[in-house]
There are 2 protein chains.
Amino acid sequence: MPVKLNHSTSHGPESAGDELLSFFRAMADPSRLKIVGLLARQACAVEQLSALLGIGESTVSHHLARLADAGLVSARAEGHYSMYSLHLDALAAMARRLLKTEQLPALASGIDHGSFDRKVLASFTGPDGRFTAFPSQEKKFLVLLRHVLQDFRPGVRYSEKKVNEILSRYSEDTAKLRRSLVDFGFMDREGGGRDYWRKDRVAPEARIRGEAS
Amino acid sequence: MPVKLNHSTSHGPESAGDELLSFFRAMADPSRLKIVGLLARQACAVEQLSALLGIGESTVSHHLARLADAGLVSARAEGHYSMYSLHLDALAAMARRLLKTEQLPALASGIDHGSFDRKVLASFTGPDGRFTAFPSQEKKFLVLLRHVLQDFRPGVRYSEKKVNEILSRYSEDTAKLRRSLVDFGFMDREGGGRDYWRKDRVAPEARIRGEAS
DNA sequence: AAAATGATTCTATACGCATCGAATCAATTG
DNA sequence: CAATTGATTCGATGCGTATAGAATCATTTT
């Protein structure tokens with residue numbers, strides 16, 4: 001008897017795509033696809049499906065159990081037989097999920113979006129925290145810039161001397177870092193370089209704290 | 001470089017569900033589902049996906065090749081990178097297919113719908129072609145009735161004597177066969193059993209030939 | 001009650017494939 | 001040109017699972 005399991009009982013970090021995953025795995029088999037096709041026309045018993053597909057009854061039973069786990073079919077006893085029927089609504093629900101493209105990124109939930117940055121930083125910083133080199137790839141260079149930017153507080157004005165002091169923690173080439181921070185829009189300046197400040201690229205509530213280093 | 005293959009070039013008995021099958025198999029993996037989720041937001045390079053997913057670059061390359069085979073992603077060279085992007089339209093096309101329930105039975109194309117009948121006949125007929133027993137299951141008994149019905153021509157009237165003669169090829173219990181043929185609507189009769197004829201359950205063009213056995 | 005039958009479970013077995021590491025390729029940077 | 005780097009391919013390994021057959025269970029028929 002196929003166990004009915006749904007209602008993800010929240011006993012762990014159930015990813016948003018887990019339901020979709022079991023759905024796809026249930027459909028990712030030629031025999032099961034044919035079973036779905038046959039059950040779409042009419043409910044069938046195991047024996048009949050076995051004859052139609054040309055595979056053993058035990059195999060069919062196994063496939064049906066798998067489809068039932070995904071909530072796609074269910075059996076009801078009818079006389080001596082157990083007739084399996086397709087749940088068209090469940091199938092349609094999954095299909096509609098795929099059409100809502102705006103919530104497709106939820107499939108990537110549980111992804112650590114900082115892991116790439118961390119990997120890049122690990123490659124280009126020594127054990128003292130200073131940069132060993134500047135990556136040639138712009139995408140990775142931006143990672144370094146965002147990293148040094150964290151030493152500047154939003155809403156605080158820094159003199160060029162102070163900026164260089166902070167940047168010198170990471171590299172001797174403070175000029176390149178300073179210029180790049182402005183070029184890529186991470187910082188802005190006034191008076192031809194007298195004052196620098198971090199441009200607001202951060203969530204509003206993070207601006208409350210006004211401390212300077 | 002992922003090869004672009006579509007337009008099923010009709011080089012064989014391509015089952016209607018083959019496209020769907022490769023689609024499902026492409027999506028039936030947790031890593032690939034996450035890749036789809038990430039690419040739904042923005043195009044990515046292999047290196048970045050590898051870092052985000054925490055799996056090797058070679059593995060990611062393999063997964064992307066699989067998704068590309070299913071027509072779900074494609075790569076375009078951008079500088080030194082090859083940026084992979086998602087084909088939202090292909091994904092939507094598959095989803096819409098699942099919603100058209102009336103053509104779901106096409107998934108079972110290539111199924112021999114007579115195999116069940118043949119199996120039943122083989123179980124209940126001896127080498128001489130006569131029935132060894134009557135199946136107790138109604139569904140199987142109907143198979144036998146349809147079988148003997150083929151010895152009667154549409155549009156021809158048979159006397160009860162002639163009917164019994166034909167039925168006696170299969171079983172001594174001609175009365176049960178004759179009565180069942182009428183009860184289940186395969187044949188009709190007139191004059192309280194004087195004349196019998198096959199009821200028209202067959203395609204119209206098959207009625208043209210009027211021969212009697 | 002005994003026999004038959006449809007279905008499920010159990011046990012192997014074999015194939016597919018996800019994964020990694022190494023080798024290779026291609027393009028860029030120095 | 002040499003070195004680096006991103007990407008792909010290749011070889012090997014381990015896990016998952018599709019499948020068949022035997023055993024078991026439950027129901028029905030005789």
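Here the structure is a predicted model, which means the values were calculated and not measured. Chain naming here is simple, since letters A, B, ... match the order of the sequence lines and numbering starts at 1 in each.
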* Asked: So what does Ala45(A) hit on the nucleic acid, given a heavy-atom distance under 4.0 Å: a base, only sugar-phosphate, or nothing?
  -> sugar-phosphate
* Asked: Does a side-chain N-to-carboxylate-O contact under 4.0 Å join Asp29(B) and Arg66(B)?
  ->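 Looking at Asp29(B) and Arg66(B), the cut-off is not met.
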* Any Lys/Arg nitrogen of Lys140(B) or Glu47(A) sitting under 4.0 Å from an Asp/Glu carboxylate oxygen of the other? -> yes
Rounded to the nearest Å, what distance is computed from the [atom1] atom of residue [X] to the [atom2] atom of nucleotide [N]?
X	N	atom1	atom2	result
Glu78(A)	dT27(D)	CD	P	16 Å
Phe141(A)	dT5(D)	CZ	P	16 Å
Lys140(B)	dT28(D)	NZ	P	15 Å
Glu47(B)	dT4(D)	CD	P	16 Å
Phe24(B)	dT17(D)	CZ	C1'	19 Å
Leu21(B)	dC17(C)	CG	P	10 Å
Leu33(A)	dA18(D)	CG	P	12 Å
Leu67(B)	dC17(C)	CG	P	14 Å

* What one-letter contact string describes nucleotides 18-30 of chain C from 5' to 3', where B marks a base within less than 4.0 Å of any protein heavy atom, S marks contact via sugar-phosphate atoms alone, and - marks no contact? -> SBBB-----BS--
* Asked: Are the side chain of Arg32(A) and the backbone N or O of Arg25(A) linked by a donor-acceptor pair below 3.5 Å?
  -> yes
* Asked: Do any N or O atoms from the side chain of Ser50(A) and from the backbone of Val46(A) form a donor-acceptor pair under 3.5 angstrom?
  ->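 Checking the backbone N and O of Val46(A) against the side chain of Ser50(A), no donor-acceptor pair under 3.5 Å is found.
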* Side chains of Gln137(A) and Tyr81(B), donor plus acceptor under 3.5 Å -> yes
* **Under 4.0 angstrom between Tyr84(B) side-chain N/O and dG6(D) OP1 or OP2** =>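 No, because none of the side-chain N or O atoms of Tyr84(B) sits under 4.0 Å from OP1 or OP2 of dG6(D).
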* Please confirm whether Phe131(A) and Tyr170(A) have ring centers closer than 6.0 angstrom. => yes
